[in-house]
Amino acid sequence: MMTAVKAYYDGKNFIPLQHFDFKPRQQVLIVVDENEDEETPAEKFLKLSWEGDESAEELLSVIEKNRVNSNRFGDSNALFD
C-alpha cells in the first residue's frame with residue numbers, strides 16, 4: 001500500500017506537511033510537482049486590482065446578482081444552490 005504525504009524541501013531535508021509515522025530507514029518515493037509555483041485561478045483572482053470607483057462590496061454584489069446557481073446536486077442540497 002502507498003500513502004501520499006505532502007512535504008517541502010528546506011534545502012537539506014524533506015519536511016512533511018502532515019503527520020505520518022515514518023519508520024526508521026523506511027523507503028519513500030519522492031514525486032516533484034514542478035507546477036507548484038503556478039498560481040491557481042483563485043489566487044490570480046484575489047491579486048487582481050481594478051480602476052474604478054466601485055467598492056469591494058459593490059463588486060461582490062454584482063458578482064452575486066449575476067451568479068448562476070448550480071442544480072447538479074438536486075433540490076435536496078440547498079447548500080450548493
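The residues of the chain are indexed from 1 along the displayed sequence.
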(request) Give a yes or no answer on whether the side chain of Asp10 reaches the backbone of Lys12 with a donor-acceptor pair at less than 3.5 Å. (result) yes
(request) Consider only side-chain heavy atoms of I, L, V, M, F, W and Y, link residues closer than 4.5 Å, and tell whether Ile30 and Phe22 are in one cluster. (result) yes
(message) Side chains of Phe14 and Val28, heavy atoms from C-beta outward: is any pair under 4.5 Å?
(response) no
(message) Assigning hydrophobic clusters by single linkage (Ile, Leu, Val, Met, Phe, Trp, Tyr; side-chain heavy-atom cutoff under 4.5 Å), is Leu29 placed with Val32?
(response) no
(message) Tell me the closest heavy-atom pair linking Asp21 and Gln26, and the distance in Å.
(response) O-OE1, 4.2 Å
(message) How close do Ala7 and Pro16 get, counting heavy atoms only, and between which atoms?
(response) CB-CA, 3.7 Å
(request) Could you tell me whether the side chain of Glu58 and the main chain of Ser55 form a donor-acceptor pair under 3.5 Å? (result) yes
(message) Distance check, rounded to the nearest 0.5 Å: Leu59 atom CG versus Glu64 atom CD?
(response) 11.0 Å
(message) Is any side-chain heavy atom of Phe20 closer than 4.5 Å to one of Lys6?
(response) no
(message) Is there a path of hydrophobic side-chain contacts, each under 4.5 Å between heavy atoms of I/L/V/M/F/W/Y residues, joining Tyr9 to Val5?
(response) yes
